[in-house]
There are 4 protein chains.
Amino acid sequence: MCRWNAYVGQPLVIGELLYRTRHGLIDESLHSRMGAETTNGDGFGVGWYLERDRTLPARYRSVNPAWNDANLRELADHIESPLFMAHIRAAVGSPVQQTNCHPFRHGRWLFVHNGFLDGFQTLRRDLVLAVDPSLFDGIAGSTDSELLFHLALTFGLEDDPLGAMERAIGFVESKARERGVDNPVQGTVGISDGERLWAVRYSSQHESRTLFISEDVDALRRLHPDNERLQQLEEGDRVVVSEPLADLAGAWIEVPESTGLSLENGVLTQPPFQPR
Amino acid sequence: MCRWNAYVGQPLVIGELLYRTRHGLIDESLHSRMGAETTNGDGFGVGWYLERDRTLPARYRSVNPAWNDANLRELADHIESPLFMAHIRAAVGSPVQQTNCHPFRHGRWLFVHNGFLDGFQTLRRDLVLAVDPSLFDGIAGSTDSELLFHLALTFGLEDDPLGAMERAIGFVESKARERGVDNPVQGTVGISDGERLWAVRYSSQHESRTLFISEDVDALRRLHPDNERLQQLEEGDRVVVSEPLADLAGAWIEVPESTGLSLENGVLTQPPFQPR
Amino acid sequence: MCRWNAYVGQPLVIGELLYRTRHGLIDESLHSRMGAETTNGDGFGVGWYLERDRTLPARYRSVNPAWNDANLRELADHIESPLFMAHIRAAVGSPVQQTNCHPFRHGRWLFVHNGFLDGFQTLRRDLVLAVDPSLFDGIAGSTDSELLFHLALTFGLEDDPLGAMERAIGFVESKARERGVDNPVQGTVGISDGERLWAVRYSSQHESRTLFISEDVDALRRLHPDNERLQQLEEGDRVVVSEPLADLAGAWIEVPESTGLSLENGVLTQPPFQPR
Amino acid sequence: MCRWNAYVGQPLVIGELLYRTRHGLIDESLHSRMGAETTNGDGFGVGWYLERDRTLPARYRSVNPAWNDANLRELADHIESPLFMAHIRAAVGSPVQQTNCHPFRHGRWLFVHNGFLDGFQTLRRDLVLAVDPSLFDGIAGSTDSELLFHLALTFGLEDDPLGAMERAIGFVESKARERGVDNPVQGTVGISDGERLWAVRYSSQHESRTLFISEDVDALRRLHPDNERLQQLEEGDRVVVSEPLADLAGAWIEVPESTGLSLENGVLTQPPFQPR
């Protein structure tokens with residue numbers, strides 16, 4: 001369940017993307033009330049970096065459905081950021097509470113996840129024990145996603161985000177084999193340190209949730225001719241979204257199955273993603 | 001836009017109806033996450049009478065979506081009541097706050113509404129002024145529904161619930177004509193004083209939201225052969241629901257357009273509903 | 001019963017004042033847990049203007065106690081503003097809900113109030129009727145404070161804030177006389193349009209809650225030698241606080257009883273306040 | 001911080017104790033707004049057993065301050081129970097979220113704690129690892145109190161509550177010695193299985209928070225001559241409270257330092273409490 005998106009580029013008022021694009025994240029959540037496939041009404045979160053200091057991301061997280069949160073609407077109109085991530089949650093088991101809302105944070109790092117660890121009740125204790133003791137107390141909530149993030153931190157996320165994700169997911173899959181859990185990992189992941197953006201599309205059974213990246217800003221500009229801010233987007237401004245935005249064909253590149261994504265200084269690479 | 005149901009009969013653990021029937025109210029809200037037509041995630045409320053004292057209804061109301069409210073699940077399993085009403089809300093304009101959650105209450109009276117007053121922003125001040133000054137301070141929230149309830153109280157709801165609803169809605173329609181608002185009233189209404197239950201299905205354009213009443217308890221028993229509590233229902237135990245429960249055909253009688261409903265001492269009557 | 005403060009000057013990270021000054025607003029609320037006179041735990045709000053656009057104030061309001069709101073802590077560290085107001089609430093009668101949290105807003109105007117209208121239940125309907133019909137629908141909550149703001153708007157707040165407050169309070173006092181309510185008005189008020197700041201200290205019985213303004217920034221700098229940001233405050237940067245900060249003697253000027261305050265282009269005036 | 005109380009006896013409407021006794025739990029919280037020593041405004045919880053089934057305790061927990069929670073007031077007036085526990089929280093570190101509100105529950109068991117584990121960040125991982133794997137997934141929140149409960153369950157609470165508490169606290173103290181944490185345990189604990197009530201007053205440094213038990217119902221009756229329900233209390237009805245109710249001298253017996261308490265079939269015993 002869940003959906004997320006991320007933006008990196010010149011400073012943008014975050015509401016431009018969350019509310020004022022067709023099929024923006026909140027629009028999706030509004031839209032789903034009108035007949036879309038799922039409701040993501042179990043809380044949400046936004047994390048953003050400031051232009052003046054990219055080492056201290058801020059978060060606004062809430063257990064309200066995103067569509068009816070009055071504060072989110074206010075903040076979205078007033079916060080300008082060169083890099084932000086937003087996440088809407090559909091809980092699958094763990095409680096609806098602020099500490100279970102994405103993005104999760106460690107120092108300058110933000111992390112979002114659309115998906116789940118299957119057999120989490122069976123695996124949870126093993127995974128908790130594998131988290132580095134120095135990171136243990138950073139686990140504030142009770143989700144599989146936050147635990148996956150702390151495993152990735154344990155396996156070196158701050159030095160090599162995609163490699164650490166490969167090792168963390170590989171570890172989950174090995175523990176799952178020991179415990180007789182099939183296909184434990186599902187989802188897409190977004191990671192940032194305030195300068196760069198990484199993403200992963202992977203599932204143990206290789207039928208992963210979708211992940212898209214904007215092809216170029218020209219397409220976005222053409223789609224929203226009346227949106228002044230979007231008209232001012234420049235080459236290198238990029239949007240990553242976890243779920244397909246159907247009628248924006250041409251504007252989006254689908255990230256292939258079992259693939260990572262890295263956006264660094266405007267350079268996009270998409271290495272294969274191979275848990276080990 | 002909202003759904004409600006009501007039960008009157010022998011004392012029943014309210015969770016039997018809210019959670020453990022097919023297409024119960026919370027099931028509907030859960031179901032809507034899986035693809036149903038609408039989401040009713042903007043708060044909810046339950047009002048119930050105690051067997052030992054039917055003059056002091058209790059309420060539990062919350063701004064959480066009903067499907068993820070942990071307290072509702074607890075209470076539903078432990079509260080037993082001979083008459084209760086539940087409501088899930090999809091807000092159309094007014095804020096998501098507890099004072100806007102149904103049921104509304106005045107003394108021993110409870111009131112739920114599935115629908116809206118069209119042109120409410122235009123009409124609101126006129127309607128507020130028409131509320132009896134002695135009732136004015138009882139308006140705690142900002143919904144059209146609560147205001148309609150206080151108009152009905154002003155027009156004699158405590159003596160003649162269906163007649164007062166006719167006068168209140170007639171008044172709204174006359175004010176709407178003055179202000180150039182077409183078809184101002186839409187919806188179904190449920191009313192109780194702890195002993196009796198009334199309902200209304202009406203809209204100014206005579207295309208009202210649906211309203212159903214259980215035909216007889218035999219049908220409910222047959223549909224849930226494994227539910228011990230429902231097996232113990234007796235003749236005279238009745239359920240009123242605002243929205244059609246599709247696959248329970250045979251178990252439900254649709255209340256006709258522009259019709260009232262009265263359940264008093266086990267006697268069901270369905271007079272025409274004619275605002276004046 | 002509530003406290004508030006306001007800042008106008010060069011852009012300041014709002015947390016500097018809310019959290020990192022001695023006896024800042026949140027500190028007060030934390031402090032009150034340790035033995036202070038009152039608890040202001042019934043919600044709070046912050047309203048701020050952006051340097052780049054002073055016509056669209058943002059608000060973050062919540063029903064949580066300010067001291068335990070995780071989002072406030074986040075926002076306070078990341079929002080920079082040349083003019084902001086913060087308010088912590090101790091409810092006296094009206095529900096704890098977001099629409100009852102200060103600051104209230106109308107267009108570019110923000111409004112906070114520390115105090116109450118005595119006999120509000122008796123007076124409420126008269127006051128609601130006196131609000132200009134075009135402003136009627138802007139009343140989102142149920143507090144005396146928001147209603148007082150809308151009366152002041154009705155009496156011309158946007159053209160003459162202090163004069164409109166005199167007329168609004170004069171009106172409340174005249175209605176109170178009609179209804180036999182003694183001493184209906186109590187409190188201090190803060191008002192801004194994003195450029196200028198006004199305040200009022202007044203009560204019908206002339207025993208008003210306190211109101212203070214920072215004498216000069218030198219004093220603040222001397223009191224917090226280790227706070228880099230405060231060291232950078234310039235002449236003309238001013239703080240207005242509703243409650244006395246005892247050990248900052250010398251740094252604060254008490255606003256006299258029945259007095260208004262106006263801060264415009266760095267010029268402070270304190271005219272007498274005479275309801276009429 | 002925190003406070004709690006518990007009642008066992010003939011079925012009582014829980015509001016009689018929570019709201020309508022002098023210095024009842026909510027009154028304390030209200031009172032603390034007027035000048036008492038501390039504020040317990042970081043959430044609360046009530047757990048109660050039904051007369052008809054004492055194996056399935058219900059809980060109502062909320063992150064609101066108890067004093068302003070409208071639902072608690074409703075429920076307190078309508079829920080009747082022969083055994084209930086209520087807890088108001090002052091958070092010391094862990095987040096204000098429903099899963100951190102007492103009472104904690106395991107099957108038919110309820111648990112409340114007024115106090116803390118000092119050095120919890122240092123000890124947490126060791127303690128988590130010591131919880132029986134079959135109980136691990138029952139830890140829903142992040143408090144020291146819930147973890148202490150699960151340690152006690154691991155050490156046999158369901159067979160021997162006071163002995164298990166001695167072993168659990170002994171274990172915490174031994175881990176604390178290993179990690180160089182002095183005096184790790186502080187507080188009072190309440191435990192019930194729906195039939196019986198246990199309590200502990202203990203701290204590692206033998207300066208524990210207070211704990212009191214009602215001497216006899218005569219005293220309570222004399223103190224509230226106008227409260228009809230309390231007049232009907234019978235011998236054997238007992239109240240346990242964590243904090244001294246000053247002006248009820250004569251009505252309360254202080255539980256001595258380092259002492260357990262057991263109420264079983266009306267028989268009160270107070271064995272020494274010796275962690276091992």
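Computed from a prediction, not measured in an experiment: that's the story for all the values here. Letters A, B, ... mirror the listed sequences (proteins, then strands); counts begin at 1. Scope of the values below: all heavy atoms of this structure, side chains included, with no hydrogens, waters or symmetry mates.
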What residue pairs, at least two apart or across chains, pass salt bridge (charged side-chain N to carboxylate O under 4.0 Å, His left out) with a residue in residues 130-151 of chain B?
B:Asp137-C:Arg124

Check each atom of C:Pro133 against the heavy atoms of chain B and say whether the ones under 4.5 Å are side chain, backbone, both or neither.
both

Rounded to the nearest 0.5 Å, what's the gap from OG on C:Ser142 to CD on B:Gln97? Could you check?
7.5 Å

Chain B contact via C:Val63 - side chain, backbone, both or neither, heavy atoms under 4.5 Å:
neither

By the ring-ring contact (aromatic ring centres under 6.0 Å, His included) test, which pairs, at least two apart or in different chains, include something from residues 119-169 of chain C?
C:Phe111-C:Phe149, C:Phe155-C:Phe171

Residue from B:Val96, B:Ile139, B:Leu129 scoring the most non-hydrogen pairs under 4.5 Å with chain C is B:Leu129

Does atom CD of B:Glu158 have more than 12 heavy-atom neighbours from other groups under 6.0 Å away?
yes

